[in-house]
Amino acid sequence: MDKSILEQYDDLRREYEDTKKRIAKTERELQIYDNKYQVQDSVNGGMGGTQHFKIQGFPYPEYYNKRALLTSRRDRLKELESKLAKTLDEVEQFIDSIENSRKRMILKMRYVDNLRWLEIAMKLGPGNTEDSVRVEMSRFLKELEKGAD
């Protein structure tokens, strides 16, 4: 296991959040349909095209396509939840394999707790800045990468 698991977990978490947002958007769109949404159009016809007609109705094809999309996105969200749980376990195993306690703490706060660098620096206490912690981790992960080669 190497640091790529950290990147993979971060990407999966972002994909999960993006999928949740897309589901919420689709649900809002369906709510509009459920609130007696009607489409209308006007056409000319009859008597040589001189009569004007208004046509109203419910857009069933659009509605059912949105419903199918929502179901698909919910299924995808469940898959992502499963992948996230599995990957989180791998991330924690990777972090636990690191001997340096400070590095383990920083990595857990960053990847498991999803804290920003500034929040991590504040938790570590005086003498730590956002940049110093970020650079420390960047150097450490590069060292790990070199050691894996």
Side-chain angles (χ1 to χ4, degrees), residues 1-44 52-125 128-149:
M1 222 178 313
D2 60 8
K3 79 168 195 153
S4 66
I5 194 70
L6 300 174
E7 294 164 356
Q8 176 64 19
Y9 181 69
D10 216 22
D11 291 342
L12 271 171
R13 192 171 42 218
R14 280 193 203 101
E15 184 179 3
Y16 177 81
E17 290 303 319
D18 179 64
T19 303
K20 280 176 47 176
K21 287 177 186 174
R22 291 174 189 272
I23 287 172
K25 180 182 178 212
T26 306
E27 287 172 339
R28 284 190 305 273
E29 291 169 350
L30 281 170
Q31 187 66 38
I32 292 169
Y33 287 110
D34 291 340
N35 291 332
K36 310 292 186 264
Y37 180 76
Q38 295 281 318
V39 291
Q40 67 181 17
D41 197 2
S42 59
V43 295
N44 293 323
H52 186 72
F53 297 98
K54 233 184 207 181
I55 303 170
Q56 290 183 322
F58 187 80
Y60 286 102
E62 289 177 37
Y63 179 78
Y64 290 119
N65 286 343
K66 292 263 186 222
R67 276 262 175 241
L69 179 63
L70 182 61
T71 301
S72 171
R73 286 182 174 164
R74 285 180 175 157
D75 291 344
R76 177 71 182 138
L77 191 66
K78 288 178 186 174
E79 289 173 20
L80 286 171
E81 284 174 349
S82 175
K83 283 183 183 179
L84 266 173
K86 181 179 178 275
T87 308
L88 177 59
D89 186 49
E90 292 175 21
V91 164
E92 288 178 334
Q93 287 177 24
F94 170 72
I95 292 172
D96 289 342
S97 73
I98 296 169
E99 290 184 32
N100 185 306
S101 178
R102 177 180 167 86
K103 307 286 193 252
R104 279 196 314 270
M105 282 185 351
I106 294 171
L107 287 171
K108 281 183 183 180
M109 285 188 260
R110 179 68 178 168
Y111 291 97
V112 178
D113 301 334
N114 199 27
L115 298 179
R116 296 185 326 265
W117 292 117
L118 179 60
E119 295 169 309
I120 295 169
M122 290 183 344
K123 282 189 176 229
L124 291 174
N128 293 288
T129 66
E130 175 181 3
D131 289 337
S132 69
V133 174
R134 181 182 46 78
V135 169
E136 178 183 349
M137 271 303 97
S138 178
R139 288 178 181 159
F140 176 71
L141 292 172
K142 282 180 184 173
E143 286 174 23
L144 278 180
E145 202 171 82
K146 286 180 185 177
D149 292 340

Margin query: Using 0.5 Å steps for rounding, measure from the CZ atom of Arg76 to the NZ atom of Lys83.
Written below: 5.0 Å
Margin query: Looking only at side-chain N and O atoms, does Tyr33 offer a donor or acceptor that is under 3.5 Å from a partner on Glu62?
Written below: yes
Note to self: Would you say Arg73 and Thr19 are linked by a side-chain donor-acceptor pair, where the criterion is simply a distance under 3.5 Å?
What the structure shows: no
Checklist line | Distance, nearest 0.5 Å, that separates NZ of Lys66 from OG1 of Thr26 | finding: 6.0 Å
Note to self: Measuring centre to centre across the rings, with the benzene-like ring taken for any Trp, is Phe58 within less than 6.0 Å of Tyr63?
What the structure shows: yes
Margin query: Between Lys108 and Asp96 (salt bridge meaning N to carboxylate O under 4.0 Å), is one present in this structure?
Written below: yes
Notebook entry, point to check: Would you call Arg13 and Asp10 a salt bridge, using N to O less than 4.0 angstrom?
Noted result: yes
Next item on the list: Give the C-alpha distance, both sets of side-chain angles, the deciding distance and a yes or no for salt bridge (Lys or Arg N to Asp or Glu O under 4.0 Å) between Lys3 and Glu7.
Entry: CA-CA 7 Å; Lys3 79 168 195 153; Glu7 294 164 356; 3.7 Å; yes
Next item on the list: First locate atom CG of Asp11, then atom CG of Leu6, and finally report the distance between them rounded to the nearest 0.5 Å.
Entry: 11.0 Å
Note to self: Salt bridge or not between Arg74 and Glu27? Use side-chain N to carboxylate O under 4.0 Å.
What the structure shows: yes
Note to self: Closer than 4.0 angstrom, basic N to acidic O: yes or no for Asp18 and Lys21?
What the structure shows: no
Item checked: Spatial distance of atom CD1 (Ile120) from atom CG (Asn128) [nearest 0.5 Å] -> 10.5 Å
Item checked: Pairwise distance OG(Ser4) to CD(Gln8) - rounded to 0.5 angstrom -> 8.0 Å
Notebook entry, point to check: With a cut-off of 6.0 Å (strictly less than), are more than 12 heavy atoms of other residues, nucleotides or ligands near OH of Tyr60?
Noted result: no
Notebook entry, point to check: When rounded to the nearest 0.5 angstrom, what distance separates CG in Leu30 from NZ in Lys25?
Noted result: 12.0 Å
Margin query: Quick check: do Tyr16 and Leu77 have side-chain heavy atoms less than 4.5 Å from each other?
Written below: yes
Item checked: Note: Glu130-Arg134 ion pair, threshold 4.0 Å (strictly below) -> no
Check: Is the closest basic N to carboxylate O distance between Glu99 and Arg104 below 4.0 Å?
Finding: no
